[in-house]
Amino acid sequence: EEMKLPDPSTLKDEILAKYPPKIARKRAKSMVINDTKLDQEVQSNVRTIPGIITQRGCTYAGCKGVVLGPTRDIINLVHGPIGCSFYAWLTRRNQTDPGPEGPDGENFINYCFSTDMQDENIVFGGEKKLKQAIQEAYDIFKPKAIGVFSTCPVGLIGDDVHAVSREMKEKLGDCNVFGFSCEGYKGVSQSAGHHIANNQLFRHVVGNDDTKPEGKFNINLLGEYNIGGDGFEIDRIFKACGIDVICTFSGNSTMGAFEKSHTADLNLVMCHRSINYMAEMMETKFGIPWMKVNFIGGDSTAKALRKIGEYFEDEALQAKIEEVIAEELPKVEARAAEARKRTEGKMAMLFVGGSRAHHYQELFKELGMETVSAGYEFGHRDDYEGRKVLPTIKVDADSRNIEELKIEADPERFNPRASEIKLETLQEKGLEVSDYKGMKSDMSDNSLIVDDITHWETEKLIEFYKPDIFCAGIKEKYVVQKSGIPLKQLHSYDYGGPYAGFEGAVNFYTDIETMLSTTIWKKLKAPWLATSATDPCICAE
Ligand code: CFN
Ligand code: HCA
């Protein structure tokens, strides 16, 4: 049954009271006490207030780390000081397999490529060093492609990574070299980096190979990055259903798969925030419709599969999908029922990225848990309020600095099946085509939605709700645990996973059940609560 949530108005007032008035006015708009009956606006995608501790990352992280990072046969060359590369090296847990060529196939994921800019390059320019680095990477690895990623200093000194890339592409002949103006400071968060990555991938790669696929039901999975092996689990399910994945954007992906991705019949969008741009551009140019899906949670996975079955209007496929669901879902439900003995009625808070703070509420629901408060680091209004708000967004902070590609239809290369199935027909069937329901409508009344949560707000929320589990990232983990609350990382999964699909749900239930069954964090005393230097950090009972 529904849990009745406490009214957090006094909490909100207390939080805002500590800020200078101008800042309080700004933060107030990013903190919304949910009333599902109202069309409330959640301020988002605006600049973080300088001086405030934010969870956010930078534009370079969103472009290089998130979108291009998981592609295994491109060399991602970072033009910048070594720290930008080193501190982003393999931290995101995007997994790869050796691919059909076996262990000798190209996989550069384990490497760290950087121009290692020095003071001298800042003063006299770094283009020469960049050319040398591209040449060196090419000579050693002979890759199909090299992507060049700009870090903050590159934008400040004006190195032209696009001109250098064009020149080197010409010179090398058989290597696709292209650049990204994804300087860290460029947007208000990593979100700007997603947009830049999508634009360049669309411009330089998608559509380069017209080879027709052999499968019967051909899809792309957009916005799935194979963190902790999520993509492998989803692939396993697709395979069991007889659905062919042309390309995943971009978990365990290859340049070859991106090049052919426009031959698919349907785009499935998992993380809308990072990749809606690609879905829109592919629909305009190649006529491929897209649907929002969610493979986090047993029921969501079943629902997504049924949506695909309906799209293809094929009885044999639909029967196969039902068979797979009948085989897999009972195991998931059984594990949830068992775990619920320890999780039922507990409280969760989720402050993560631009989609997981929403998607993972589903898994907590299946565990009988209530999400009392949640928010994105860098979501936009549509991620909270649904796509209906898009036309009313006046200034999209991200897009001010981002080139808008003028995409035109290419009727010659429209996928016949994709363009045959009219969007209106799908909408008539009630399929959420090109439609996206945000976080807000899925949350309870009186839950507190907080965008780009600050450190101060995190502390106050924990004090007020005393949640049973807090979900965030590595920067939050230890601070939260020192206040006695277990923290589940929903970025890296704390070395666990997969959490997507049917097997992923089972893994998640077990991990959460385990975390909620220990009292160790409550026994901790935070160092800042110690009464003397010799006061132990573990309270003896
Ligand atoms: S894998 Fe994705 S699912 S791509 Fe995005 S919005 Fe980040 S890296 Mo961290 S875990 Fe996170 Fe999402 Fe999409 Fe990951 S919630 S913050 S930029 N994200
Ligand atoms: C990023 C990547 C990140 C960081 C995770 C974290 C990821 O934002 O640059 O803060 O723990 O998922 O690896 O979101």
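Both ligands and their constituent atoms are indexed starting at 1 by order of listing.
At most 12 heavy atoms of other shown residues, nucleotides or ligands fall within 6.0 angstrom of atom OH in Y111.
Shown here are the protein N/O/S atoms lying under 2.8 Å from atom 13 (Fe) of ligand 1, water excluded: C271 SG.
Applying the side chain to side chain donor-acceptor pair (under 3.5 Å) test to every pair with at least one member in residues 57-71, sequence neighbours left out, gives these pairs: T71-S253.
Short contacts between ligand 2 and A61, defined as distances under 4.0 Å to a heavy atom of the residue, involve ligand atoms 9 (O).
Side-chain contact annotation: Y19 with T454, donor-acceptor N/O pair under 3.5 Å present.
Distances from atom 18 (N) of ligand 1 to the protein include no heavy-atom value under 4.0 Å.
Remark: ligand 2 and I474 share an N or O pair separated by less than 3.5 Å (distance only, no angle test). Close N/O approach between H491 and ligand 2 is found [any backbone or side-chain N/O within under 3.5 Å]. Looking at Q190 next to ligand 2, an N or O pair under 3.5 Å apart turns up.
By the 4.0 Å heavy-atom criterion, Y376 is excluded from the residues contacting ligand 1.
By heavy-atom distance, the residue among Q55, E377, K475 lying nearest atom 10 (O) of ligand 2 is K475.
A cation-pi geometry, defined here as NZ or CZ lying under 6.0 Å from the six-membered ring centre and within 45° of its normal, does not hold between R273 and Y376.
Aromatic pair F508/Y360: centroids less than 6.0 angstrom apart.
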